[in-house]
Amino acid sequence: DFDYQEGKSVKCSWSACCRKDSPDTNKTEQQAGPFGHVGFCDLCVKTLHTFLDKVAELNPDIVLWLGDNAPHNTYEQKPETHLRQLNYIADGLRSRVKAKVYTVTGNHDSLPDGQFDVRGGRHQYILEGFANATKSWYSQAGYETMKKYGRFSELVPNTALRIIG
């Protein structure tokens, strides 16, 4: 969540708390820490960077990225914010992790939230966005299928393992 703010109340009357614009319902309540708060706040950028650094340190052979990238400020979401978050995460993975990354879209990567139209249409922007942001990790056929349908089937190089997402 690009709008996460340390020190904000972790409980509020909104669907997403710990944000710059979320109400502070009670200053004596538990407040959002430097790396977020489990259960009440979306992931903050600092935690994402720490996670990406750890993944790079572990040097895995493959990474599975399972979507649901958007924060829970459902009524403020726009296609541009979804694509910004998607590209930010993809760029972070690409710059730190040597492994091949396989990704799928999550049901919260759509507008309206949780109502993903897998046939394309109104959600074609996110299918194309995922495909374009992750193109370097897929074969041409995998890229084209991801772009059109939001799914893929890829054989992991030098193995007999096939990942279907």
Side-chain angles (χ1 to χ4, degrees), residues 1-12 14-25 27 29-111 113-114 116 123 125-139 142-143 146-147 150-152 154 156-157 161 163 165:
D1 186 351
F2 292 121
D3 291 324
Y4 177 89
Q5 185 172 331
E6 183 178 350
K8 294 291 278 190
S9 292
V10 299
K11 293 182 182 177
C12 70
W14 291 11
S15 60
C17 300
C18 312
R19 305 185 89 241
K20 293 174 185 173
D21 59 351
S22 63
D24 281 326
T25 55
K27 284 289 189 185
E29 279 186 17
Q30 192 170 7
Q31 297 176 337
F35 290 95
H37 189 281
V38 176
F40 295 103
C41 306
D42 288 312
L43 191 70
C44 64
V45 173
K46 187 174 185 177
T47 303
L48 174 64
H49 286 279
T50 302
F51 168 76
L52 292 172
D53 289 342
K54 186 62 177 180
V55 172
E57 179 186 317
L58 293 171
N59 194 25
D61 295 325
I62 61 172
V63 172
L64 304 176
W65 173 15
L66 303 178
D68 281 352
N69 305 303
H72 289 87
N73 61 329
T74 305
Y75 301 109
E76 298 170 31
Q77 288 295 319
K78 298 178 179 128
E80 304 83 49
T81 57
H82 281 189
L83 294 173
R84 178 177 171 228
Q85 291 150 350
L86 162 65
N87 284 302
Y88 189 85
I89 296 168
D91 291 344
L93 280 164
R94 208 174 351 272
S95 68
R96 290 176 172 86
V97 178
K98 296 175 187 171
K100 186 157 178 158
V101 177
Y102 298 92
T103 184
V104 294
T105 54
N107 66 313
H108 294 280
D109 293 322
S110 64
L111 291 172
D113 180 47
F116 205 102
H123 295 124
Y125 78 92
I126 199 70
L127 299 180
E128 290 176 6
F130 258 90
N132 291 333
T134 62
K135 184 176 184 175
S136 63
W137 295 313
Y138 291 101
S139 66
Y143 164 73
M146 179 65 103
K147 183 176 166 183
R151 63 180 183 258
F152 67 91
E154 294 273 309
V156 177
L161 176 64
I163 297 183

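Quick note: numbers below take in every heavy atom, side chains included, and nothing from hydrogens, waters or symmetry partners.
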(request) For the pair Phe130 and Trp65, name the ring-plane relationship: parallel under 30°, tilted 30 to 60°, perpendicular over 60°. (result) tilted

(request) Pick out which of Asp42, Thr81, Val45 makes a side-chain contact (heavy atoms from CB on, under 4.5 Å) with Phe2. (result) Val45

Hey, does [Y] have a side-chain heavy atom less than 4.5 Å from the side chain of [X]?
{"X": "Ile62", "Y": "Trp137", "result": "no"}
{"X": "Val10", "Y": "Cys17", "result": "no"}
{"X": "Arg96", "Y": "Asp53", "result": "yes"}
{"X": "Phe152", "Y": "Ile163", "result": "yes"}
{"X": "Leu48", "Y": "Ile89", "result": "yes"}

(request) Return the set of residues passing side-chain contact (heavy atoms from CB on, under 4.5 Å) with Asp3 (not counting sequence neighbours), or none when no residue passes. (result) Asp1, Arg19, Lys20

(message) Give me the atom names and distance for the closest heavy-atom approach of Pro34 to Lys46.
(response)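 Closest heavy-atom pair between Pro34 and Lys46: O-CD, 3.4 Å.
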
(request) Under the salt bridge (charged side-chain N to carboxylate O under 4.0 Å, His left out) rule, collect the residues that match up with Glu57, sequence neighbours excluded. (result) Lys54

(request) Apply salt bridge (charged side-chain N to carboxylate O under 4.0 Å, His left out) to Asp68 and list each qualifying residue two or more places apart in sequence or on a separate chain. (result)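 Here no residue qualifies.
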
(request) Could I get the full list of side-chain hydrogen bond (donor to acceptor under 3.5 Å, both in side chains) partners for Glu154, not counting sequence neighbours? (result)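 Result, side-chain hydrogen bond (donor to acceptor under 3.5 Å, both in side chains) vs Glu154: Ser139.
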
(message) Under the rule for side-chain hydrogen bond (donor to acceptor under 3.5 Å, both in side chains), what residues qualify as partners of Asp61, not counting sequence neighbours?
(response)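 Checked Asp61 against side-chain hydrogen bond (donor to acceptor under 3.5 Å, both in side chains); zero matches.
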
(request) Tell me, please, which residues at least two apart from Cys44 pass disulfide bond (SG atoms under 2.5 Å apart). (result)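 For Cys44, no residue satisfies disulfide bond (SG atoms under 2.5 Å apart) once neighbours in sequence are set aside.
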
(request) Would you check if the distance from the ring center of His49 to the ring center of Tyr88 is below 6.0 Å? (result) yes

(request) Apply the test side chain to side chain contact (heavy atoms under 4.5 Å, CB included) to residues Ile126 and Leu83: give CA-CA distance (whole Å), side-chain angles for both, the deciding distance (0.1 Å), then the verdict. (result) CA-CA 7 Å; Ile126 199 70; Leu83 294 173; 4.0 Å; yes

